[in-house]
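What follows is one structure encoded as structure tokens, with my remarks underneath.
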Amino acid sequence: MQRGIGVVANMNISIGINRLAGLIFILMGVTFLWLGLDFGFGSMLRIGPGFFPVILSSLLIILGITVFAKSFLADESFHMPRVGPMTRVLASIAIFAALMQPVGSYIILPVVVVLAASASPQFRWRSALTLAAGTTVCSDLIFRVGLGLPFYAVGTWFGG
């Protein structure tokens with residue numbers, strides 16, 4: 001198979017999991033530090049609203065550097081997971097967010113639960129449908145009946 005621009009062929013990237021975690025910690029710490037500097041830092045006697053974000057993000061950067069440095073001592077690898085299951089889970093979240101109001105919980109919840117469950121290698125229709133029915137009934141009882149949230153059992157597209 002010829003590799004070209006736009007062709008994703010068997011993503012077999014190998015990176016140490018601790019190295020990846022260290023890089024993520026450093027990236028998050030730098031981002032939070034940059035955002036925290038917009039607030040007033042204050043002084044040690046009278047701390048400002050930016051004091052804790054700056055201190056905590058600095059500690060996160062130090063932790064990231066430590067984890068990243070220790071990753072060179074261990075020999076472990078992390079392989080990118082398959083894209084298909086992640087796509088199904090993310091699609092189920094997006095479908096739920098977009099269609100909960102117009103379709104309603106009695107229709108959309110079983111659909112997204114079965115779609116998300118299909119991402120598992122142990123997917124079985126019987127267990128997925130049982131889970132979908134249980135999730136739909138429990139969420140209706142908890143959120144709509146118990147808490148009184150304005151969820152539609154049947155959405156506006158179906159006259160609800």
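Quick caveat, the model's predicted, so the values are computed rather than measured.
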Same cluster or not: Y106 versus V111, using hydrophobic residues (I, L, V, M, F, W, Y) connected whenever any side-chain heavy atoms lie under 4.5 Å apart? no
Taking every non-hydrogen atom, the tightest pair across L60 and G29: CD2-N, 3.7 Å
Which atom names give the shortest non-hydrogen contact between A119 and V89, and what distance separates them? CB-CG2, 3.8 Å
Of the non-hydrogen atoms in S118 and R88, which two are nearest, and what is the gap between them? OG-CD, 3.3 Å
Going through the checks in order, is the side-chain contact (heavy atoms from CB on, under 4.5 Å) test met by M100 and Y152? CA-CA 8 Å; M100 175 63 173; Y152 292 112; over 6 Å; no
Would you compute the distance between atom CZ of F151 and atom CZ of R144 and round it to the nearest 0.5 angstrom? 10.5 Å
Between I26 and F68, the two heavy atoms sitting closest are CD1-CB, 4.5 Å
Given the rule that I, L, V, M, F, W and Y join up when any side-chain heavy atoms are under 4.5 Å apart, are I62 and F51 in one cluster? no
hydrophobic_cluster_shared for F39 and L37, side chain cutoff 4.5 Å: no
Counting only heavy atoms not in F123, do more than 12 fall under 6.0 Å of its CZ? yes
If two hydrophobic side chains count as joined below 4.5 Å and joins carry through other members, does I142 share a cluster with F96? yes
In Å and rounded to the nearest 0.5 Å, what is the CG to CG distance from L56 to L63? 12.0 Å
Hey, quick one: are I108 and W157 part of the same hydrophobic cluster, counting side-chain heavy atoms closer than 4.5 Å, chains of contacts allowed? yes
I107 and P110 have their tightest heavy-atom pair at O-CD, 3.4 Å
Non-hydrogen side-chain atoms of S139 and L109 separated by less than 4.5 Å: yes
Do V54 and F32 have side-chain heavy atoms sitting under 4.5 Å apart? no
Exercise: identify the closest heavy-atom pair between T136 and S105: CG2-O, 4.0 Å
Which distance, rounded to the nearest 0.5 Å, do you find between the CG of D140 and the CG of L149? 11.0 Å
Where do F52 and I47 land on the side-chain contact (heavy atoms from CB on, under 4.5 Å) test, with the steps shown first? CA-CA 9 Å; F52 284 112; I47 60 174; 3.7 Å; yes
Let me see the working for F25 and I61 under side-chain contact (heavy atoms from CB on, under 4.5 Å), right down to the final yes or no. CA-CA 6 Å; F25 287 161; I61 292 170; over 6 Å; no
Got a second to check how far I55's CD1 is from L33's CG, nearest 0.5 Å? 9.5 Å
